[in-house]
Structure formats: C-alpha cells, structure tokens
Amino acid sequence: MNRDLILCRTVMERPSVTQRELAQELNLSLGTVNGLVKDAIQSQLITQSDNGLYHLLPKGDELLLSHQVDGALIIAAGFGSRFVPLTFETPKGLLEVFGERMIERQIRQLHEAGITDITIAVGYLKEKFEYLIDKYQVKLLYNPEYSCKNTLATIYHAKDTLKGKNMYLLSSDNWLRHNMYHHYEGDAWYSSAFMKGQTSEWCLHFNKKGQIQSVTVGGEDSWVMYGPAYFSREFSDQFLPVLEAYYHLPGTEQFYWENVLKEMLSGETAVRLPNLPQAREKILIDINRRPENEVYEFENLEELRQFDVKYQHHSDNQAMELLSQVFQVPESEITEIRCLKSGMTNKSFLFKVNGTHYICRIPGPGTELLINRSQEKAAYDAVAPLKLTETIIYFNGENGYKIAKYYDGARNARADSEKDMKACMAAVRRLHNSGLTVEHSFDFRERIDFYAKLCKSQGNILFEDYPQVYAHMSELMDKLDKLNHPKVLSHLDDNVDNFLVLPDGSIRLIDWEYAGMCDPLADVAMCAIYSYYSKEQADRLMEIYLEQKPTAEERFSVYAYMALGGFLWSLWAVYKASLGDEFGEYTLIMYRYAKEYYKKCCEIEC
C-alpha cells in the first residue's frame, strides 16, 4: 500500500479531511496516521494551513502525477449461464439493478473519478454493447474465444490495452454501492470483501503491509477476491508476459486470469515457465479491503431477486413471463433455475414450480428459417396417444417455445449399449407401426437443395468436390425414388441424446423438430450417423431394428440414407457456422459419411 500516495490523493480530493477519517480510509490506527501526516509534511508532500486545511505541495503533485490512472478495461465477454433465461436475451452486465444497468453504473462511477478512456472486452451478444460507444464514448474489443475459453484468454486478447498503463480491471456484472475509483492509484491491488464462515470463494492471505502473499480456493472467515482490480504499469510489465505464456500452455483454456496471479504468488509459474524471467520474480499486489455491503457480485438470479425485488415479480424477460402465465404463479415462485447444455439448434433451462421440475426450450436465433414449428407441433400432437414423447405442458407452434416435464433420474441412451439400442429401436418401430400420420413429409432432396442455397447465400465456399458429391447424392435419391418405399411418420433426429431412459427402463423420444412422413429406414440411418457408427455397428443396428438380417435392398436403403444424411447435415453445419455457431469435427464426419457410404451403396446389387 502506497500510504503517501493515498494521503496525497485524499488531501487533494478532500482538503478538510481529519486524521480520524484518514485512519478509516487507510485502515490504520489514529497514531499511525498521525505519524504518517507528520512524515508527509516533513517530506514536503503536503502542508497544513492555520485553518486546519491540508494542501498539496509541488512534490505531492509530482507523486500524484506519476500514479495517474490511464483508463479501465471492463470484462463483458461471457455468457452468464447462472442467470438464464435472462442472459439468453441480455448480457449479464446489461441487466438492471434498481433501474440502472450494472455496466453503466460502473462507467458513470469511472467518469466521476475522471477516468474516461474505457475499453469493454465483449463476446457473447456483442452487438448489445454497441450503443455504449455513442453514449459514453467507450471502445469495444472483441474476444473471439469467449465461448470456449475463460478470462485468461480475454485478458490475453486485451493485453495491448493494459501494457504500459495504469488501468482498472472491472467485471461488467459487479455493482458498487459507493464509488471506489480514483483519478490516482498507488500499487496494484485486488478488491476484497470479508466472508464469515465457510466460503468457496478465492481467499487472500496477506502480510501486515497489506501485500497479498497467497491465494487459496475456499476457506473460513476470510478476506476474498471480490470486485475490481487495479493494474499498475509495474505490475503489468511483470504479469502480462507470464499471462501471455500461460495462454499458449496446453490445459489453461479454462483458467481465469486470477489463476495466473495465484500461481505467480505460489511460485508455480517458475516451474511451468523456467526460462521466463518474469515468472521467477515475486509479484507484488495489495489487498484492497472494502467495507461490508459495498461490492456485490451476484452469483445467480436468486441473489439478484433478494437484492432488487423487481426480479421477484417482473424481470422483463420473455421466458420468465411465459412461465409465470403458464403456471399462474409470480416469477418469484419459479426457482432452482439452471442452464442446461445448449443443443445444436435450441437453448434450454431447468426450473422448479410447485415442487416439480420442468424444462423450458427456447429456439436459437435463426431457427425460424430452419424449423417449421407448426409442423413440429403437429408431430407432437399426432404421437400424443403413444405416450412416447416427453410430457408437454406448453407448446407454441408459432415461435417454438416448449415447456416439458423433467424426468428425475432419467439418462440419455448410450450408443455403445446393445440393451439401450434395442429399447430405442423398439420405440422407433412402435412409432413406424402406429399408423399415425401428419400432412407434411421430410424430403431429403428438398432439404439438401434448401441448405445448399442457404450456404451459397452466405457466400460460403462449399467443399472442393461438392459438385461431384452432389451428383452422387442425386444418383442415390433417384434410386431410392424408384424403390418407392411406403412413407410412415418418422422422427429423423433419433440421436441417442434424444432418447431418455427413465428409471423404470421405459423410453421417451424427445425433440421432434424434423419429424415427418418418410421412409422408416431413414430413422435407422440417422441414428447410425448421429452415433458415429462404423459399418459393422450400422449393420448390427439394422438387425436390431428389423429383428432379422437385412435384405440387400434394406442395406442399400440404410446406407443411402446414411450418405444423404451426412451430406445434408454437413451443409446444415456449414450454414450454421456462417451464423457464428461452430460444431468442430461434426461437419467433416458428416461429409465423410456422404462419401464413404455412397461407395458402399455402389457395392450392393439390389
């Protein structure tokens, strides 16, 4: 802690400050502050006039000038999964607390302290922050890895904003009761709050000078990392080269930037990076102990509800309003909200009402072009008598919002379990043999042409051999048309993840977005490629479904649909990638199915 700096800063901001107030500001005894003031006067940093007011002297001005804060970096790239469904529509930092957006409150507080050079590191829903450029003259910096890496990567991408400067580092979703920012700061620090009892927060251990010595995750009756931090030039000169090296180390993708600081304090960086001088040096950073109830980091919607009662009744969120209407309860009675893993097409979250858990599905952006929700609803309505699907509480055939019962103890089927696959194929067979129909079909030719058109509309360069492979797919479709297999109601998305195995062993088949009238063997093929099956596994799946050895025609049909499905879904993935969604190796795997199983079809005479 640079006590002289804080003393000079306080004198400049409040010339009439008393020594008792200084003692509170510095968290020191009155006697220690009395000695500090005397030393500052003797050092010609400050003087005291006859009326008791303190004044800065030129040496004090010089001290302040060397510690002037240059700007602030605000981290706002993350998704905020613990605040779903609010963060499906609005980034966490843009949520309002007492009618004021959290990030705007911090920007305003920075402005009040004379800090106007502000950069916001964005990622998720980055466009939502654009208005801040005009309103507050901030700069936006995009983190392209926001969806797959943690804050270490955010700081890495923003490192040039910090280099050679005195900078505040803020989280967009913090709320500060009082303005703790200043135009001048001393040494680097991390804000801290005292947590009584057991805590899972990152606990700070420090010496009598207030210098942080180590950090442990979890503790009891501890001062913990809580709120903003401050990077001095000297701190960044040492810290950023180590952070940059950590960014390139395997296994650090999910590191917070604080992980690097923690390991620098413990000396572990010297082991990881023996050839980097900065990694061997002792890092100096102070604890900035804040008063109780000054800094707030809301962990979830429940905490925010307790702080701002608005969120108990009206959160201005479409999904929450829908749940309130459907279940006829105030929003405060919708509890235990938890984000579920987002699917390739939709977002969903778990919640509890009246003692029962449910899942709410929210269609992803752009899906209205890809999915006909009225057709999906028609499929759900048609199969309802079979009691094969999840229990639907609400389904909107216009926008695709769906509320369904959550099955405690259920699990997804396993593609490597023959027992599971026998149960899954029995459910599919039951669907196919039900005689149920809908008015729409799933047409591979129409869908392939549709996705190819979408890809080209986005300027995507398709696969190099696309024309040749498309010709092969057309050949397969022509042969299937000649076979003229009868169409039945089919699921077409029978991924093992869409089969729920309930505790009693019964099966539920969920997510009927692509369901329609189709050749039933297409369902066998889709299940095979979604499971990344080999030829041998696909052959066994045919036997399980057919309950006998397949004929040559049946093998040809399933292989042809595996090729067509691979081609179709690879085009789908290319288009989705153009919208910002990336599915890794899925695209390549699907395209390989198209090419490999065309070859296998050519080997079959039927």
Side-chain angles (χ1 to χ4, degrees), residues 69 71-83 86-87 90-113 115-125 128-129 132 135-136 138 140-141 143 146 150-152 154-155 158 161-162 167-182 185 188-195 199-204 215 223-231 256-258 261 285-308 310-311:
V69 178
L73 172 66
I74 304 178
I75 297 176
F79 168 47
S81 61
R82 288 174 292 185
F83 275 77
L86 275 59
T87 46
T90 305
K92 187 178 173 185
L94 293 182
L95 295 177
E96 290 186 357
V97 176
F98 300 126
E100 183 179 28
R101 287 178 161 175
M102 287 189 278
I103 195 170
E104 288 200 42
R105 180 179 179 85
Q106 293 197 81
I107 293 172
R108 178 176 58 77
Q109 290 174 329
L110 288 166
H111 281 191
E112 289 173 355
I115 313 300
T116 57
D117 187 355
I118 300 170
T119 299
I120 304 175
V122 298
Y124 173 69
L125 292 181
K128 294 279 188 176
F129 294 93
L132 295 171
K135 189 170 183 178
Y136 296 106
V138 303
L140 300 187
L141 185 151
N143 170 15
Y146 75 90
N150 219 316
T151 59
L152 185 157
T154 302
I155 300 302
T161 302
L162 299 168
M167 297 284 290
Y168 284 119
L169 179 61
L170 287 59
S171 292
S172 66
D173 54 8
N174 284 174
W175 190 89
L176 278 60
R177 187 179 298 278
H178 306 113
N179 193 343
M180 60 181 287
Y181 305 119
H182 300 278
E185 287 286 356
W189 51 255
Y190 203 117
S191 173
S192 180
F194 187 76
M195 295 288 180
T199 179
S200 59
E201 297 283 351
W202 291 38
C203 302
L204 300 175
V215 181
W223 286 92
V224 304
M225 288 180 163
Y226 215 69
Y230 171 69
F231 285 16
Y256 299 100
W257 73 262
E258 290 92 342
L261 175 61
I285 184 169
D286 292 337
I287 183 173
N288 185 348
R289 288 174 284 182
R290 308 307 303 175
E292 186 178 6
N293 299 325
E294 180 179 271
V295 179
Y296 291 83
E297 293 183 357
F298 304 108
E299 292 297 320
N300 49 52
L301 181 55
E302 295 296 326
E303 286 191 8
L304 185 54
R305 280 174 171 171
Q306 294 173 14
F307 191 71
D308 186 347
K310 163 195 169 182
Y311 289 96

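All figures in this text were calculated on a predicted structure; none of them were measured in a lab.
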Can the ring centres of Trp257 and Phe231 be said to be less than 6.0 Å apart?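 Between Trp257 and Phe231, the centre distance is under 6.0 Å.
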
Taking the six-membered ring for Trp, are Phe98 and Phe307 closer than 6.0 Å centroid to centroid? yes

Can you tell me how far apart [atom1] ([X]) and [atom2] ([Y]) are? Round to the nearest 0.5 Å.
X      : Y      : atom1 : atom2 : value
Trp189 : Ile285 : CH2   : CD1   : 9.0 Å
Thr161 : Leu73  : OG1   : CG    : 6.0 Å
Leu170 : Gln106 : CG    : CD    : 4.5 Å
Arg305 : Lys310 : CZ    : NZ    : 13.0 Å

Is the number of heavy atoms from other residues, nucleotides or ligands within 6.0 Å of OH (Tyr256) greater than 12?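 Atom OH in Tyr256 is not packed in, count stays at 12 or less.
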
Give the C-alpha distance, both sets of side-chain angles, the deciding distance and a yes or no for side chain to side chain donor-acceptor pair (under 3.5 Å) between Tyr296 and Glu303. CA-CA 10 Å; Tyr296 291 83; Glu303 286 191 8; over 6 Å; no

Using side-chain contact (heavy atoms from CB on, under 4.5 Å) as the criterion, point out the one residue from Asp286, Val69, Asn288, Leu169 that pairs with Tyr230.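 Among Asp286, Val69, Asn288, Leu169, the one meeting side-chain contact (heavy atoms from CB on, under 4.5 Å) with Tyr230 is Val69.
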
Where the side chain of Lys92 meets the backbone of Phe298, is there a donor-acceptor pair that is under 3.5 Å apart? yes

Can a donor-acceptor pair be found, under 3.5 Å and without considering hydrogens, that links the side chain of Asn150 to the backbone of Leu152?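 Side chain of Asn150 to backbone of Leu152: no pair is present.
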
Please enumerate all residues that pass ring-ring contact (aromatic ring centres under 6.0 Å, His included) together with His111, with sequence neighbours excluded. Tyr136

